[in-house]
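Worksheet: one structure, shown below.
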Amino acid sequence: MRRSLYLIQNNYLLLLIFIFTFLSRFLLLDKFPIGITHDELNYVIAAESLYWTKNFAPGTAPAVFSTDMTNFSVTIAEVPASILAFFIGPLDTSLFTSRIIGAILNSSIVLAMYLLVKRLTKNNLIALLTSLVLAINPWSFLMGRTIFETNFFVAFFLWGSVVLLSQKGLKILRALPFFILGFFSYTGGQIAFYLFTGIILLYHYFTLPRQQIAPYAIFFVTMTIILAGYVYVVLNNQSFASRGGEIYTPQAVAQEVDKERQVAVQNSVNPIFINKITLYLSGFLDKYLNAYSVNNLFLRGELRAAFSYQKHGTFYFLDFLFIVIGISFLFSKYRKVWALVLLIIAATAVTSGISFVEYSYSQRSGLMFPFITILIGAGLGYILTIFKNKFRLFIGGAIFITYGFLFLNLLHLYFYRFPVYASDGWFFQDRILSRYIALTNQEYKNTKVVVSTFEPKIVFQEYLFFNNIYNGEKISAINQKMESGDYSFNNVVFTDKCFDDNFDENTVWIGDGLLKCERFSIKEDNLRITRFRDVYEIYLIKEDKICQGQKLNSYVSPFAFQDFNIEKQSKSEFCQNWITKL
């Protein structure tokens with residue numbers, strides 16, 4: 001009877017944790033984040049195109065499947081695109097509908113972590129604490145409100161691990177589909193995925209008595225063949241053409257070797273100590289070890305706003321204490337689990353070390369963060385079990401209140417500060433641009449709008465997304481234009497040219513601030529769409545129609561930040577809030 005009550009109580013607690021996670025990921029999801037990143041948009045556009053035309057959108061190629069595209073700027077993983085096509089393809093394009101799947105998958109990860117930790121430790125308290133820690137974790141909260149690939153591959157690998165560890169013999173192959181789906185859910189993590197697979201298989205094999213090696217060999221050989229096939233295919237298809245330059249190889253440091261030798265005293269031993277291998281290892285270790293940087297994990301986070309709060313770490317600073325305690329506790333009581341967790345944390349950051357694109361960990365090393373929460377959960381579990389009776393209640397209450405305050409602080413940062421200082425990281429200025437064009441089209445139907453930008457394709461797709469244009473029967477016609485490099489719809493044109501010799505006054509001219517078009521050289525004559533934190537001019541506007549006669553500020557007023565739902569604002573509200581003029 002007591003055991004039954006205990007199980008019911010645990011299930012209720014787990015259900016409450018899941019509901020809390022689900023609600024926190026869906027809270028104001030139609031408004032925050034305030035824009036959509038280009039990485040996310042590539043998947044949304046591909047999903048819509050797949051649903052309506054059965055083909056990827058022009059310019060956005062699949063990573064593995066063959067394609068006859070000759071003009072593409074990016075490759076994306078097939079699994080997330082296909083899943084999104086099934087669920088959101090028939091829906092209108094909006095921030096909420098685009099991110100539903102990410103929120104659901106992220107919430108499911110919390111359940112998977114409970115089952116995984118319960119299976120590893122046989123300890124309900126540690127399992128519940130780990131799932132609760134993950135529910136309020138800053139990284140999980142940020143990623144769970146997006147459709148980044150992290151949500152897909154982490155969910156697949158964790159659920160696959162749950163299935164794997166709960167089976168014996170040939171039944172472990174039931175987990176293989178999850179691992180394969182995870183493997184093809186991200187184009188930059190295959191080495192980490194392969195290492196993760198090997199580690200979890202070795203753990204399962206050596207923790208169960210008298211296991212036949214054949215099922216494990218079949219599983220691992222299958223993943224080896226998939227990895228080898230993947231590498232062969234992508235090295236010879238559109239993926240390498242699009243993203244081959246992102247791979248950090250010894251050849252990539254050739255110029256750096258020459259520079260380092262030039263600033264050293266010339267001698268015969270320089271080639272021994274200054275060469276591609278030494279500099280490559282130094283660069284690799286710099287990127288790899290930075291994944292465990294205290295600054296990244298507990299203080300400031302990464303540089304890029306899409307993957308970081310920039311003013312808050314991936315974890316809370318209090319987590320550091322429980323990580324240390326958790327490592328010691330697992331080592332003393334769950335030695336094999338300790339080895340498994342630390343090996344996975346060490347192995348899954350490898351892909352960040354071999355990436356040539358910035359210092360990025362939230363995606364490329366995404367599998368390590370749930371396993372760090374196991375350390376935190378173990379540390380919390382140990383603290384709560386060493387004390388007795390009322391003192392345990394006091395300590396537990398103090399920890400609960402402290403973490404509650406830290407989570408409320410995170411919510412304040414996310415909803416009240418992050419949208420302002422990181423607006424350009426979420427391309428909110430492209431959303432403002434899209435709304436400006438839509439208002440111009442509504443009131444001046446015969447007026448042409450020309451947008452000159454370095455990235456006409458993706459800015460055009462932002463316009464299509466925010467105005468719910470890219471759906472239904474319109475997609476085929478738009479795709480035909482995009483295939484030929486024509487990024488236009490009706491009387492709106494996106495181009496990488498300035499057209500400074502065209503003086504048509506019935507055309508609204510909009511220029512990217514970086515493009516330096518001569519038309520916008522007299523700043524006092526331009527309207528502006530600016531970055532909030534420093535009034536940097538993202539877009540300049542000439543021959544405006546809709547904001548003329550309005551009293552415009554020289555910078556975006558802080559009062560505008562009260563409501564980011566710009567599609568619901570009137571023309572005068574929109575102009576006065578978001579359009580500026582010197």
Side-chain angles (χ1 to χ4, degrees), residues 36-78 81-82 84-85 89 93 187 236-245 427 430 433-434 436-438 440-441 445-502 504 506-512 514-515 517 519 539:
I36 188 165
T37 65
H38 293 171
D39 289 347
E40 293 176 288
L41 186 61
N42 286 326
Y43 278 101
V44 175
I45 295 297
E48 293 287 344
S49 184
L50 280 170
Y51 182 82
W52 292 102
T53 71
K54 312 305 179 189
N55 294 306
F56 278 74
T60 304
V64 179
F65 293 160
S66 61
T67 179
D68 56 0
M69 288 187 197
T70 56
N71 178 28
F72 57 88
S73 57
V74 66
T75 57
I76 61 175
E78 287 86 348
S82 301
L84 289 170
T93 55
T187 59
N236 294 279
N237 76 351
Q238 62 275 2
S239 288
F240 190 76
S242 174
R243 306 190 65 175
F427 300 92
D430 287 354
L433 172 68
S434 300
Y436 178 87
I437 296 172
T440 301
N441 281 337
K445 299 185 183 302
N446 296 323
T447 296
K448 187 176 182 180
V449 180
V450 176
V451 181
S452 299
T453 172
F454 275 113
E455 298 181 293
K457 168 184 169 283
I458 197 69
V459 179
F460 173 56
Q461 290 176 343
E462 292 263 3
Y463 167 71
L464 298 177
F465 173 84
F466 282 113
N467 289 288
N468 192 29
I469 296 171
Y470 195 74
N471 53 39
E473 297 178 356
K474 295 190 291 288
I475 289 181
S476 294
I478 294 172
N479 280 358
Q480 288 180 4
K481 285 188 172 184
M482 287 200 295
E483 184 65 40
S484 62
D486 180 357
Y487 305 112
S488 66
F489 182 78
N490 292 338
N491 59 344
V492 181
V493 178
F494 293 78
T495 177
D496 57 1
K497 298 178 175 59
C498 284
F499 298 111
D500 286 325
D501 56 346
N502 190 325
D504 183 6
N506 197 40
T507 298
V508 176
W509 303 94
I510 302 174
D512 189 321
L514 292 174
L515 209 53
C517 295
R519 181 188 309 280
Y539 293 109

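In this chain, residues are counted from 1 in sequence order. Just so it is clear, the structure is predicted and the values come from calculations on it, not from any experiment.
Taking 4.5 Å as the limit, some side-chain heavy atom of V451 sits within range of a side-chain heavy atom of V449. The side-chain heavy atoms of F427 and I36, taken from C-beta on, include no pair separated by under 4.5 Å. Using a 4.5 Å cut-off on side-chain heavy atoms (C-beta onward), T447 and T507 make no contact. Side-chain contact between N490 and N441 is absent, with no heavy atoms from C-beta onward closer than 4.5 Å. Taking 4.5 Å as the limit, some side-chain heavy atom of Y436 sits within range of a side-chain heavy atom of V508. Between N42 and Q461 there is a side-chain heavy-atom pair separated by less than 4.5 Å. The shortest side-chain heavy-atom distance between P62 and T75 does not fall under the 4.5 Å cut-off.
The line from CD1 of I478 to OG of S49 is 10.0 Å long, rounded to the nearest 0.5 Å. Taking CD1 of I45 as the reference point, atom CD1 of I475 lies at 8.0 Å (rounded to 0.5 Å). Taken from OG1 in T453 to CG in D430, the straight-line distance is 7.5 Å, to the nearest 0.5 Å. Rounding to the nearest 0.5 angstrom, the gap separating the CG atom in L84 from the CD atom in E40 is 10.0 Å. Atoms CZ and OG, from F56 and S82 in turn, are 5.5 Å apart once rounded to the nearest 0.5 Å. For the atom pair E473 CD and T53 OG1, the distance stands at 13.0 Å (nearest 0.5 Å).
A distance-only check finds a donor-acceptor pair linking the side chain of E78 to the backbone of A63 [under 3.5 Å]. Panel note: side chain N491, backbone K445; a donor-acceptor pair is recorded below 3.5 Å. Of the possible polar contacts, one joining the T93 side chain to the F465 backbone as a donor-acceptor pair under 3.5 Å is found. Proximity of a side-chain donor or acceptor of W509 to a complementary backbone N or O of R519 within less than 3.5 Å is not detected.
Looking only at atom types and distance, the side chain of N471 has a donor-acceptor partner in the side chain of N468 under 3.5 Å away. Checking D486 against S484 by side-chain atom types alone, no donor-acceptor pair falls below 3.5 Å.
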- Task: Take L433 and I510 through the test side chain to side chain contact (heavy atoms under 4.5 Å, CB included) and record every step on the way to the result.
- Result: CA-CA 9 Å; L433 172 68; I510 302 174; 3.6 Å; yes
- Go through T60 and I76 one step at a time and tell me if the side chain to side chain contact (heavy atoms under 4.5 Å, CB included) criterion holds. CA-CA 7 Å; T60 304; I76 61 175; 3.7 Å; yes
- Task: In sequence, state the C-alpha distance, the side-chain angles, and the governing distance for S452 and D496, and then conclude on side chain to side chain contact (heavy atoms under 4.5 Å, CB included).
- Result: CA-CA 5 Å; S452 299; D496 57 1; over 6 Å; no
- Query: Can you list the steps and then say if E462 with L41 is a side chain to side chain contact (heavy atoms under 4.5 Å, CB included)?
  - Reply: CA-CA 7 Å; E462 292 263 3; L41 186 61; 3.5 Å; yes
- How far apart are the C-alpha atoms of N479 and Y470, what are their side-chain angles, what is the distance that settles it, and do they pass the side chain to side chain donor-acceptor pair (under 3.5 Å) test? CA-CA 10 Å; N479 280 358; Y470 195 74; 2.6 Å; yes
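Here N467 pairs with S434, A438, Y463, I469 under the side-chain contact (heavy atoms from CB on, under 4.5 Å) rule; sequence neighbours left out.
Residues A81 and A46 approach most closely at CB-CB, 4.5 Å, considering heavy atoms. In this structure, Y487 and P456 approach most closely via the heavy-atom pair CD1-CB, 3.9 Å. Nearest heavy atom pair, residue P58 against residue E483, reads CB-OE1, 3.5 Å.
With a 6.0 Å radius and a threshold of 12 heavy atoms from other residues, nucleotides or ligands, K497 has its NZ atom at or below the threshold. For N446, the CG atom is loosely surrounded, since the number of other residues' heavy atoms within 6.0 Å does not exceed 12.
Aromatic pair F494/F460: ring centres closer than 6.0 Å.
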